[in-house]
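Along the sequence shown, residues carry numbers from 1.
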Amino acid sequence: MKNSWLPSIFSGLFISFAAVLGQAHAARPLNTDDANVVDPKSCQVESWVKKSSSSIERWIVPGCNFFGDTEINWGANFQSDSNLPASQYHLIQAKKRWRVLEPGDWGLSSTLGTLQHAGHASSESVNDVYLNVPVTWSMGQDRFAHFNAGWIKHQSQGYNAKTWGLALEQPINSQVIGILETYGEAKQSTKYQLGLRIWVVPQRVQIDATLGNIWGSSSNPAQRWVSIGLRLLSPPLY
């Protein structure tokens, strides 16, 4: 019973994987975005499952860069919470790269997007609009630092808030990357997570896993979460 959620995670990941292959969002699993976009004339699909003691989220977010060095993402979330009806959310965003990240230098982009409740009845509707500005520094040998400064308008709740994030990427070897980040939003608790990305096929297929929590809640297992994800990247499509 203790690990009864494990089959749900792997079945959700399998469903996302099947959806991705049927078609064949910083890259997962960071919440702190990087300044890059998917390669020109190319697409990617990111899918993941996030599980806590009280909820499970299943995400799938395709994205393409077909014009203007701008990546367009659209996606969906299917979420189940204890004692609440299942919910579905839709996301769409545009990410424009303004300064290309070069080795030993820095890059800059901006993202404008919206997240809306689109499924079953919920105790709290969601209709958010957000702006984020990611900056990435290359620190050599595939090491990167990412900083985000942003703003979100919670239209359903009637207030605005500043958002932020700080993340580090450290390669362990040619296929495995360690990640560490902290991020937050005004009026909400600050969160952190750490994990690994693994290239199964270099620059084409990547899997990831993280553990996360709220700062100061390490002794409260109800606040912890685990996530498992899959990312597929295409070569140029034309």
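Using a 30° and 60° split on the angle between ring planes, Y159 and H154 fall in the tilted class, from 30° to 60°.
Summarising the geometry of L196 relative to I179, their closest heavy-atom pair is N-CG1, 4.3 Å, with the distance given to 0.1 Å. Nearest heavy-atom pair across V61 and L91 is CG1-CD2, 4.4 Å. Here the closest non-hydrogen pair linking A35 and R97 is O-CD, 3.7 Å. Of all non-hydrogen atoms in T114 and Y130, the two that sit nearest each other are N-CE2, 3.5 Å. When all heavy atoms are compared, the tightest approach of Y89 to Q79 is CE1-OE1, 4.0 Å. Looking at every heavy atom in both residues, Q175 comes nearest to N173 through N-OD1, 2.8 Å.
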Can you list the steps and then say if V205 with L230 is a side-chain contact (heavy atoms from CB on, under 4.5 Å)?
CA-CA 8 Å; V205 180; L230 170 71; 4.1 Å; yes
Checking side-chain contact (heavy atoms from CB on, under 4.5 Å) for the pair Q170/L180: CA distance, chi angles, key distance, verdict?
CA-CA 9 Å; Q170 172 67 53; L180 175 66; over 6 Å; no
Going through the distances and angles, do W215 and T182 end up as a side-chain contact (heavy atoms from CB on, under 4.5 Å)?
CA-CA 9 Å; W215 282 109; T182 182; 2.9 Å; yes
Using the side-chain contact (heavy atoms from CB on, under 4.5 Å) rule, take T70 and V37 through it: C-alpha gap first, then chi angles, then the decisive distance, then the call.
CA-CA 7 Å; T70 301; V37 295; over 6 Å; no
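Note that CD of Q88 and NE2 of H117 are 8.5 Å apart. Values are rounded to the nearest 0.5 Å. A distance of 15.0 Å separates CD in Q193 from CZ in R224, rounded to the nearest 0.5 Å. For the atom pair CH2 (W59) and CG (N77), the distance works out to 4.5 Å, reported to the nearest 0.5 Å. To the nearest 0.5 Å, atoms CH2 (W164) and OG1 (T32) are separated by 8.0 Å. The structure places CH2 of W199 at 5.0 Å from CG of L233, a figure rounded to the nearest 0.5 Å. Going from atom SG of C64 over to atom CD1 of I72 covers 9.5 Å, rounded to the nearest 0.5 Å.
Linking ILVMFWY residues whenever their side-chain heavy atoms come closer than 4.5 Å, directly or via other members, places I172 and I207 in the same cluster. Grouping the Ile, Leu, Val, Met, Phe, Trp and Tyr side chains by contacts below 4.5 angstrom, directly or via other members, places L30 with I177. Following chains of ILVMFWY side-chain contacts shorter than 4.5 Å, one can reach F147 starting from W106, so the two form part of one hydrophobic cluster. Under a hydrophobic clustering in which Ile, Leu, Val, Met, Phe, Trp and Tyr are joined whenever their side-chain heavy atoms come within less than 4.5 Å, directly or via other members, V135 and W98 fall into the same cluster. Both I198 and L232 are part of a single hydrophobic cluster, where members link through side-chain heavy atoms under 4.5 Å apart.
A 4.5 Å side-chain heavy-atom check between S227 and R28 finds at least one atom pair inside the cut-off. Within the 4.5 Å cutoff, no side-chain heavy atoms of P134 are placed close to those of D34. The side-chain heavy atoms of V133 and L108, taken from C-beta on, include a pair separated by under 4.5 Å. A 4.5 Å side-chain heavy-atom check between S138 and D105 finds every atom pair outside the cut-off.
For the side-chain hydrogen bond (donor to acceptor under 3.5 Å, both in side chains) with N73, the qualifying choice from Q44, K95, Q93 is Q93, the only one to do so.
Evaluation of the salt bridge (charged side-chain N to carboxylate O under 4.0 Å, His left out) test over residues 128-143, restricted to residues two or more places apart or in two chains, returns none.
At least one donor-acceptor pair under 3.5 Å links the side chain of K96 to the backbone N or O of G68. For the pair N65 (side chain) and V38 (backbone), a donor-acceptor distance under 3.5 Å is present. No donor-acceptor distance shorter than 3.5 angstrom exists from the side chain of T190 to the backbone of G184, with no hydrogens or angles considered.
For Q141, the CD atom is loosely surrounded, since the number of other residues' heavy atoms within 6.0 Å does not exceed 12. The local environment of NZ in K41 is sparse, with at most 12 non-hydrogen atoms from other residues, nucleotides or ligands closer than 6.0 Å.
Counting only N and O atoms by type, the side chains of Q206 and D208 include no donor and acceptor under 3.5 Å apart. Judged purely by distance below 3.5 Å, without hydrogens or angles, the side chains of H146 and E169 pair a donor atom with an acceptor atom. N127 and Q116 are linked by a side-chain donor-acceptor pair at a separation below 3.5 angstrom, with hydrogens and angles left out of the test.
Membership of an apolar cluster is not assigned to V100, as no side-chain contact below 4.5 Å to another ILVMFWY residue is traced. Residue W225 belongs to a hydrophobic cluster whose other members are Y183, with links defined by side-chain heavy atoms closer than 4.5 Å.
No cation-pi contact links K153 to W151, judged by a cut-off of 6.0 Å to the six-membered ring centre and 45° from its axis.
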